[in-house]
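Notes for the one structure printed next.
Letters A, B, ... mirror the listed sequences (proteins, then strands); counts begin at 1.
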Amino acid sequence: MYQLLKEDGMAKRAVLHTVHGDIQTPVFMNVGTAAAIKGAVSTRDLKEVKCQVQLSNTYHLHVRPGDETVRKLGGLHRFMNWDRPILTDSGGFQVFSLSDLRKIKEEGVYFSSHVDGRKIFMGPEESMQIQSNLGSTIAMAFDECPPHPATREYVVDSVDRTTRWLERCKVEMKRLNEQEETINRHQMLFGINQGGTFEDIRARHAETISEMDLDGYAIGGLAVGETHDEMYRILDNVVPYLPRNKPTYLMGVGTPENILEAVERGVDFFDCVYPTRNGRHGHVYTNNGKMNMLNAKYQYDDRPIEEGCGCEACRDHSRAYIRHLLKAKEMLGMRLAVLHNLYFYNTMMEEIRGAIEKGEFKEYKSRKLAGMIDKG
RNA sequence: GGAGGGGUUCCCGAGUGGCCAAAGGGGGCAGACUGUAAAUCUGUUGUCUACGACUUCGAAGGUUCGAAUCCUUCUCCCUCCA
């Protein structure tokens with residue numbers, strides 16, 4: 001159940017009650033694609049870094065270790081030792097990211113596994129079955145994330161198919177949740193809006209899926225190469241067509257700035273690989289902007305990444321030391337950078353929630369952005 | 001003492017007369033990354049009054065229109081046999 005607690009302009013402060021506990025929104029979901037946050041981050045670390053929800057991936061877990069394996073081991077929560085909510089992405093993004101390794105048909109998508117090349121068929125039913133086997137808190141509809149740029153004809157075809165797939169997802173999810181042996185019989189299903197950069201297609205699709213009474217609504221197919229302005233324009237245009245009394249999830253986004261802009265436009269669920277991937281690559285986020293810890297200027301810098309930050313990296317170590325670890329390719333360097341970034345993101349979301357509660361989101365956003373732009 | 005092999009740009013290491021400022025790694029420096037095929041990928045890495053010039057391949061001298069590449073001497077290192 002989703003409860004809207006407070007509104008500040010378009011910005012929403014809400015709570016989503018789930019069988020695995022409450023999610024306070026706006027929230028950033030920490031991405032652990034293959035049932036692990038890359039960078040040697042444990043579930044203990046995740047709790048310390050204030051992670052509310054983890055995101056895992058249907059396609060990747062189906063390929064390895066196999067969703068049947070996870071089901072036999074009691075589901076993803078038990079497998080990973082994570083008792084808070086998990087959202088599983090459907091495999092729809094892999095239709096985009098593994099575009100050289102797949103064929104799209106009406107019935108679904110034929111992949112050749114990126115691991116060993118074997119044929120894998122995934123349609124809406126298969127995606128729901130896999131996610132049911134994983135037992136995640138929230139399942140995502142199986143969609144196609146179209147490339148950018150794409151022609152209008154391509155996008156129309158793709159979105160129509162995604163709608164038909166969504167209907168099939170809904171039927172299959174209902175069936176699975178009614179079965180006795182299902183691990184999580186309260187698994188939620190979020191639908192995904194598509195339409196590329198075509199506002200009218202986006203809006204019409206949003207209206208169509210809004211009538212389907214799903215547990216939440218995502219906006220997909222953004223941050224795939226379009227400009228930030230285009231992305232914001234689409235949010236302006238689409239969010240109003242999605243139900244306000246349901247979660248609004250902007251998939252795969254984004255930078256701290258992207259998130260602030262999207263919250264202002266009514267989005268309250270996010271996920272992105274940036275904090276983890278950038279951390280592994282030596283980039284860390286601070287209130288003064290992004291830093292590349294690999295840069296020579298930090299060689300003798302004895303300060304923490306960010307003064308006053310409560311994360312393990314900042315409490316215990318200097319920039320110089322973390323730079324050394326990263327340069328030496330010591331695992332600890334990546335781990336500390338990732339922990340810092342996740343802490344930064346999750347803390348920012350906490351601040352956002354506080355600001356909305358006080359009705360001061362706009363001020364908070366300007367302050368935050370000014371800091372990051374000034375010294376970035 | 002005898003026989004042989006070798007010293008290349010920060011490092012390792014190709015290159016045996018012109019297409020060589022010199023392959024390829026590494027290291028350095030910088031950049032990219034948005035529902036993760038990513039501990040990945042890209043650029044750059046002699047100097048300058050830079051679409052041209054200058055200095056460089058152990059040192060010095062020589063052959064040649066032209067040398068990192070051929071010759072002479074010197075020097076240093078390594079291996080094997082005594």
Say you pick atom [atom1] in [N] and the same atom in [M]; how far apart are they, in whole Å?
N	M	atom1	value
B:rA68	B:rA21	C1'	11 Å
B:rU45	B:rC10	C1'	10 Å
B:rA22	B:rA14	C1'	10 Å
B:rG66	B:rU16	C1'	16 Å
B:rC57	B:rC70	C1'	16 Å
B:rC51	B:rG5	P	46 Å
B:rG35	B:rG43	C1'	30 Å
B:rC19	B:rU69	C1'	15 Å

Query raised in the report: Which class fits the ring pair A:Phe190 and A:Tyr249: parallel under 30°, tilted 30 to 60°, perpendicular over 60°?
Result: perpendicular
Query raised in the report: In a check of salt bridge (charged side-chain N to carboxylate O under 4.0 Å, His left out) between A:Lys365 and each of A:Glu351, A:Glu360, A:Glu261, which one passes?
Result: A:Glu261
Looking across every strand, which nucleic acid part, if any, lies under 4.0 Å from [X] by heavy atom: base, sugar-phosphate, or nothing?
X	result
A:Ile192	base
A:Lys297	nothing
A:Asp143	base
A:Asn258	base
A:His283	base
A:His148	nothing
A:Leu101	base
A:Gln194	base

Report summary line: Assign each of A:Arg280 and A:Gly252 the nucleotide of RNA chain B bearing its closest heavy atom; nearer the 5' end lies the nucleotide of A:Gly252
**Report entry** Pairwise 5' ranking along RNA chain B for A:Asn278 and A:Gln94, keeping only the more 5' one
**Finding:** A:Asn278
Does [N] have a Watson-Crick or wobble partner in any strand here, with both distances under 3.5 angstrom, and which is it?
N	result
B:rA68	none
B:rC41	B:rG31
B:rU36	none
B:rC80	B:rG2
B:rG24	B:rC12

Report task. Report yes or no: do A:Glu172 and A:Gln129 form a side-chain donor-acceptor pair below 3.5 Å? Result -> yes
Query - Test item: side-chain donor near acceptor, A:Gln94 and A:Asn57, under 3.5 Å - result: yes
Query raised in the report: Per the side chain to side chain donor-acceptor pair (under 3.5 Å) rule, which among A:Thr248, A:Asn245, A:Thr25 passes with A:Lys12?
Result: A:Thr248
Query raised in the report: Along RNA chain B, 5' to 3', what are the outermost nucleotides having an atom less than 4.0 Å from a heavy atom of chain A?
Result: B:rG28 to B:rU40
Query raised in the report: Which of residues 14-47 of chain A have a heavy atom under 4.0 Å from RNA chain B?
Result: A:Val31, A:Thr33, A:Lys38
**Report entry** Cluster check A:Ile138, A:Leu176: I/L/V/M/F/W/Y, side chain < 4.5 angstrom
**Finding:** no
Requested in this report: State plainly whether one hydrophobic cluster holds both A:Val263 and A:Val239, where clusters connect Ile, Leu, Val, Met, Phe, Trp and Tyr through side-chain heavy atoms under 4.5 angstrom apart.
Outcome: yes
Query raised in the report: Only one of A:Met372, A:Glu307, A:Glu306 forms a side-chain contact (heavy atoms from CB on, under 4.5 Å) with A:Thr286, so which one is it?
Result: A:Glu306
Requested in this report: Among A:Val284, A:Asp302, A:Asp301, find the one that has a side-chain contact (heavy atoms from CB on, under 4.5 Å) with A:Arg319.
Outcome: A:Asp301
Report task. Just grab all the ring-ring contact (aromatic ring centres under 6.0 Å, His included) pairs involving residues 314-336 of chain A, residues at least two apart or on different chains. Result -> A:His317-A:Tyr321
Query raised in the report: Looking at A:Tyr343, is A:Lys50 sitting on its ring face, NZ or CZ under 6.0 Å from the six-membered ring centre and within 45 degrees of the normal?
Result: yes
